Amino acid sequence: MEILVTGGAGYIGSHTCVELLNSGYEVIVVDNLSNSKRESLKRVQEITGKHLKFYEIDILEKVSLEKAFSENNIEAVIHFAGFKAVGESIKMPILYYHNNITGTLILCEEMRKYNVKKLVFSSSATVYGMPKSVPISEKFPLSATNPYGRTKLMIETILQDIYASDKEWSVAILRYFNPIGAHESGRIGEDPNGTPNNLMPFITQVAVGKRDKLSIFGANYATHDGTGVRDYIHVVDIAKGHLKALEKIMKTRGIEPYNLGTGVGYSVLDVIKNFEKATNKKIPYVISEPRLGDIAECYANPIKAKTILKWSAEKNIQDMCLDAWRWQINNPNGY
Ligand code: NAD
Ligand code: WQD
């Protein structure tokens, strides 16, 4: 079965391509390499010993994107392509709305034209905004606190409207919590440009000596140790969740959101301790001001994905730390 993966050269996309190829799918990647390198796809093929087809294409370019549909026999799409940096989205909202929303609209137009109506979409726990309580279930009210989050919320609404207008569609909306870690081979992983925004890549860069110390953004939250609590989940578990979602949408019609999280929350200090234990590296840190827009606690109720998709996370925080570290030491400067 041929699967189109938009954004397949990126962090989560590349790990998902590995799982797809290992499970016997034929993979067609469309990526404009705006936040990734061709090398990641080379390594995906090296890890799996299988070939994938790559189009260096911007999904905003309808005519180019159409080639991927006309030249292949695509049966379903996994849609990762988009921009994801919260701070950047506040500074460049037009860029974010255009890339994420227009890109998805163009993709859906092409899908409809080629009668491909099976879609797995990368959403985010960010659509829960400032949740009133934890753990967060899919039924919680949705809101967003920044342009990036609003693009995800708007795309979810657009997909609901598409399904409402044509009941042949089958869409899985996957709301990821905090994906971290890397493939256990240490060959593919997260490769941020410049200073990392996210906790784990910052920690690994401190551990490898690229940065002096970590700043912990706030230590007065109402959590067990005062630092922010998140549901960190291994990127390979996230990737596997896509295969389960794909199996589901191939058999059914409808549109459903699913949380992809572990259901367990770890604080920033917990992550540091676990990283130090897993790797034997010391992470110097200072406490600094809370980051604007951050919430105290965010973790999933993952029961819906467990019961309906038959998926749950298998890897623990030690695996996440060790695998993130292996990727970092093997690739100190990324790809
Ligand atoms: P990433 O930046 O590593 O991957 C996104 C890929 O999309 C990149 O390879 C980029 O080059 C490509 N891309 C962007 N715009 C494109 C366009 N117009 N045409 C073609 N390709 C384009 O990000 P990721 O961490 O792998 O995230 C994948 C998806 O999951 C994104 O939609 C992101 O918003 C979502 N998500 C990520 C996280 C996270 O923490 N990483 C959490 C929740 C949701
Ligand atoms: C985790 C914790 C920080 C960096 C973001 C997006 C979200 C989703 C996942 C895409 C928080 C603390 C961080 C640092 C720190 N992405 N921290 N020092 O903010 O939960 O989620 O990525 O959809 O939309 O907002 O993840 O890794 O940035 O932060 O203390 O240098 O680590 O305050 O408590 P976040 P994160």
Side-chain angles (χ1 to χ4, degrees), residues 5-16 29-38 40-41 55-61 64-65 68 78-87 89 95-96 98-100 102-104 106-107 121-129 144-146 148-149 151-152 155 174-180 189-193 195-203 205-206 211 213-219 221 223 227-233 235 238-239 242 260-261 265-269 271-272 285-299:
V5 183
T6 75
Y11 173 45
I12 305 171
S14 56
H15 288 81
T16 303
V29 169
V30 161
D31 199 303
N32 64 357
L33 304 181
S34 56
N35 196 37
S36 53
K37 306 259 165 52
R38 193 180 283 267
S40 68
L41 294 174
Y55 290 85
E56 188 177 340
I57 279 177
D58 193 318
I59 60 166
L60 292 168
E61 290 167 17
S64 313
L65 181 62
I78 304 182
H79 177 35
F80 294 105
F83 292 149
K84 64 167 179 178
V86 171
S89 81
L95 180 78
Y96 269 67
H98 186 52
N99 195 50
N100 293 7
T102 316
T104 303
I106 292 172
L107 174 68
F121 171 63
S122 298
S123 190
S124 165
T126 193
V127 300
Y128 296 115
T145 55
N146 56 70
Y148 165 70
T151 69
K152 293 293 176 193
I155 294 168
L174 302 184
R175 296 178 181 150
Y176 318 149
F177 279 68
N178 287 58
I180 59 170
E190 189 170 12
D191 184 17
N193 284 324
T195 310
N197 299 309
N198 298 110
L199 180 64
M200 185 52 86
F202 206 105
I203 288 179
Q205 289 195 7
V206 171
R211 305 191 185 273
K213 57 182 181 304
L214 171 76
S215 289
I216 297 182
F217 299 146
Y221 286 110
T223 61
T227 65
V229 166
R230 296 291 182 274
D231 188 336
Y232 297 97
I233 173 162
V235 66
I238 291 266
H242 289 73
L260 294 190
Y266 286 100
S267 71
V268 178
L269 286 171
V271 175
I272 294 172
Y285 63 81
V286 290
I287 307 290
S288 65
E289 286 301 299
R291 185 170 60 181
L292 207 69
D294 270 5
I295 53 180
E297 282 193 294
C298 175
Y299 56 91

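Every number for a ligand or one of its atoms is a count from 1 in the order of the listing. Worth knowing before you read on, the calculation uses all heavy atoms, side chains too, and leaves out hydrogens, waters and symmetry mates. Along the sequence shown, residues carry numbers from 1. The structure displayed is predicted, hence computed values, not measured ones.
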Check the surroundings of atom OH in Y55: do more than 12 heavy atoms from other residues, nucleotides or ligands lie under 6.0 Å from it?
yes
Of all the atoms in ligand 1, which lie at a distance below 4.0 Å from a heavy atom belonging to I57?
19 (N), 20 (C)
Does A125 approach ligand 1 within less than 4.0 angstrom via side chain, backbone, both or neither, non-hydrogen atoms only?
neither
Across all chains, not counting sequence neighbours, the side-chain contact (heavy atoms from CB on, under 4.5 Å) partners of V235 are Y11, I12, H15
Between CG of N100 and NZ of K84, what distance do you get to the nearest 0.5 Å?
12.0 Å
Please check this pair: side chain of Y96 against backbone of A85, looking for a donor-acceptor N/O pair closer than 3.5 Å.
yes
How close does the nearest protein non-hydrogen atom get to atom 19 (N) of ligand 1, and which residue and atom is it?
I59 N, 3.0 Å
Looking only at protein heavy atoms, which one is nearest to atom 26 (O) of ligand 1, and how far off is it?
I12 N, 2.8 Å
Residue, atom name and distance, where the atom is the protein heavy atom closest to atom 2 (O) of ligand 1:
N35 ND2, 2.7 Å
Only heavy atoms of S123, strictly under 4.0 Å: list the atoms of ligand 1 that pass.
43 (C), 44 (C)
Any sub-3.5 Å donor-acceptor pair from N198's side-chain atoms to M200's backbone N or O?
no
Under 3.5 Å, is there a donor-acceptor pair between the side chain of S122 and the main chain of H79?
yes
Restricting to side-chain contact (heavy atoms from CB on, under 4.5 Å), what partner residues turn up for L33, sequence neighbours left out?
A9, D31, S36, R38, F54, E56
Any idea which protein heavy atom is nearest atom 3 (O) of ligand 1, and the distance to it?
Y11 N, 2.8 Å
Quick one: nearest non-hydrogen protein atom to atom 15 (N) of ligand 1, plus distance?
N99 ND2, 3.0 Å
Should one rank N32, L60, V5, T126 by closest heavy-atom distance to atom 20 (C) of ligand 1, which comes out on top?
N32
Quick one: does Y221's side chain get under 4.5 Å of E297's, heavy atoms only?
no
Please check if the distance between the ring centroids of F83 and H98 is under 6.0 Å.
no
Do F177 and ligand 1 have an N or O pair less than 3.5 Å apart?
no
Residue list, side-chain contact (heavy atoms from CB on, under 4.5 Å) with N178, at least two apart or on another chain
R230, Y232
Could you pull out, from K152, K84, K37, the option with a heavy atom nearest to atom 23 (O) of ligand 1?
K84
Return a yes/no value for S34: is any of its N or O atoms, backbone included, closer than 3.5 angstrom to an N or O of ligand 1?
yes
Considering residues, nucleotides and ligands other than I287, do more than 12 of their heavy atoms fall under 6.0 Å from its CD1?
yes
Of the protein's non-hydrogen atoms, which lies at the shortest distance from atom 8 (C) of ligand 1, and what is that distance?
D31 OD2, 3.5 Å
Short side-chain to backbone donor-acceptor contact, S64 and I57, under 3.5 Å:
no
Residues around ligand 2, heavy atom under 4.0 Å from any ligand atom, sorted by chain and number. Can you pull those?
V86, S124, T126, Y148, N178, N197, N198, L199, L214, S215, I216, F217, G228, R230, Y232, V268, R291, D294
Kindly determine whether V229 and Y299 satisfy side chain to side chain contact (heavy atoms under 4.5 Å, CB included), including the steps that lead there.
CA-CA 8 Å; V229 166; Y299 56 91; 4.2 Å; yes
Under 3.5 Å donor-acceptor, S123 side chain and L174 backbone:
no
In terms of residue, atom name and distance, what is the protein heavy atom nearest to atom 5 (C) of ligand 1?
G82 O, 3.9 Å
Nearest 0.5 Å, please: how far is CD1 in I203 from OH in Y285?
11.0 Å
Residue P179 vicinity, atoms of ligand 1 by number, heavy atom under 4.0 Å
39 (C), 40 (O), 42 (C)
With a cut-off of 4.0 Å, which atoms of ligand 1 are near a heavy atom of S122?
29 (C), 30 (O), 32 (O), 35 (C)
May I ask you to identify the nearest protein heavy atom to atom 31 (C) of ligand 1, giving residue, atom name and distance to one decimal place in Å?
F80 O, 3.2 Å
Would you mind finding which of Y176, Y55, Y148 brings a heavy atom closest to atom 33 (C) of ligand 1?
Y148
Nearest 0.5 Å, please: how far is OG1 in T145 from CD1 in I295?
8.0 Å
Among S36, G7, A85, P192, which one puts a heavy atom closest to atom 7 (O) of ligand 1?
G7
Need the ligand 1 atom indices (1-based, order shown) with element for anything under 4.0 Å from a heavy-atom of L33.
11 (O)
